[in-house]
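In what follows, a structure is listed as structure tokens, so that the remarks can point back to it.
All residue numbers refer to positions in the sequence shown, counting from 1. Order of appearance sets the numbers: ligands from 1, and atoms from 1 within every ligand.
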Amino acid sequence: MKPVRKAIFPVAGFGTRFLPATKAVPKEMLPVVDRPLIQYAVDEARAAGIEQMIFVTGRNKYAIEDYFDSAYEIESDLAAKNKTSVLDKLESTRLSPGKAAFVRQQQMLGLGHAVACARDLVGDEPFAVLLPDELLWNPAAPCLKQMADTYARKGGNVVAVLEVAEDQTHKYGIVDPGATEGAVTEVRKMVEKPAAGTAPSRLAIVGRYILQPEIFALLEKGERGAGGEIQLTDAMAKLVGTQPFHALTFDGERHDCGDNAGFIQANIALALERPEIADSVKAFIRTLV
Ligand code: G1P
């Protein structure tokens, strides 16, 4: 079984729900406590053994490239002033030379199209996809690491899922579960954004994927699905039955940072885990509620 060495981060979206903040700043650069969203996704990929980070970007997303570049002025200034603890904070923004690649999605044709834009950089090997606005939080066992362990046992394709409320299923890719063994279930079918009352289950795909390269040929057909977009879920649905396909119920917290309320909740939840600020944040919340 080929190891998963590469990850795709689709980051071309406009971040409409966060306008005007995202007029000049990519939504992936919005901070949760003190780190931008994209950093959480990259850290998660690293923890799962991913070596090559592929960012599918768009216009006005330069900040992401700059963020993962070295910042000579800041670094030399901090070094000259012996501010090593601040310098250490930049460590996680460093990707090894040649291990970050950026490719543009010229048209916003959907998640499937974004993933297909990275096909030449991925080549003929399995790969991961991480949607950075889904902040999946389990520092001890990050989501993609849990999935990589499932992949090592089952091979094929693995998606992370979580149960959502019945009235929320229309927002997600939903899987039709088959035989289940602990947190791992076989995928029988998948449907993107099912109409109310038609979802095959409440198991929603939460933005983490391990996929086989055969998906690219399916994506390149450019077939439109929900919302008139080229949907990753539709292409995955076609792989079911031709390759092993499993859904792993993620063990951890999920914060939907593509949503204003979810983003604020992520900030509160993660702030409460930081010893240096937890007490003052907690005390402030108590004054409110
Ligand atoms: C995308 C996927 C969907 C998935 C969701 C998770 O939808 O198409 O299958 O459930 O991310 O956040 P989007 O949120 O881009 O509409």
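A salt bridge is absent between Lys238 and Asp234; no separation between the charged side-chain nitrogens and carboxylate oxygens falls under 4.0 Å.
Residue contact check: Gln231 has heavy atoms under 4.0 Å from atoms 8 (O) of ligand 1. Residue Thr233 has at least one heavy-atom neighbour below 4.0 Å for each of these atoms of ligand 1: 9 (O).
Smallest separation of non-hydrogen atoms from Glu134 and Asp256: OE1-CA, 4.2 Å.
Side-chain N/O atoms of His113 and Gln107 include no donor and acceptor closer than 3.5 Å.
With a 4.5 Å cut-off on side-chain heavy atoms, Lys193 and His170 do not count as touching.
On a distance-only criterion, Glu134 and ligand 1 share at least one N/O pair closer than 3.5 Å. At a 3.5 angstrom cut-off on N or O pairs, Leu111 does not count as close to ligand 1. Taking distance alone, with nitrogen or oxygen atoms compared against 3.5 Å, Glu192 approaches ligand 1 more closely than that limit. Residue-to-ligand polar distances place Lys193 within reach of ligand 1: an N/O pair is separated by less than 3.5 Å.
Listed by first and then second residue, the side chain to side chain donor-acceptor pair (under 3.5 Å) pairs involving residues 9-23 amount to none (not counting sequence neighbours).
At the top of the distance list for atom 5 (C) of ligand 1, counting protein heavy atoms only, stands Ile205 O, 4.0 Å.
Within the structure, the closest approach of Leu131 to ligand 1 falls below 4.0 Å when heavy atoms are considered.
Closer than 4.0 Å to atom 15 (O) of ligand 1 lies none of the heavy atoms of the protein. Distance remark: protein heavy atom present below 4.0 angstrom from atom 10 (O) of ligand 1.
Between Phe216 and Phe127, the ring center distance clears the sub-6.0 Å criterion.
Below 30°, between 30° and 60°, or above 60°: for Phe9 and Phe55 the angle between ring planes is below 30°, a parallel geometry.
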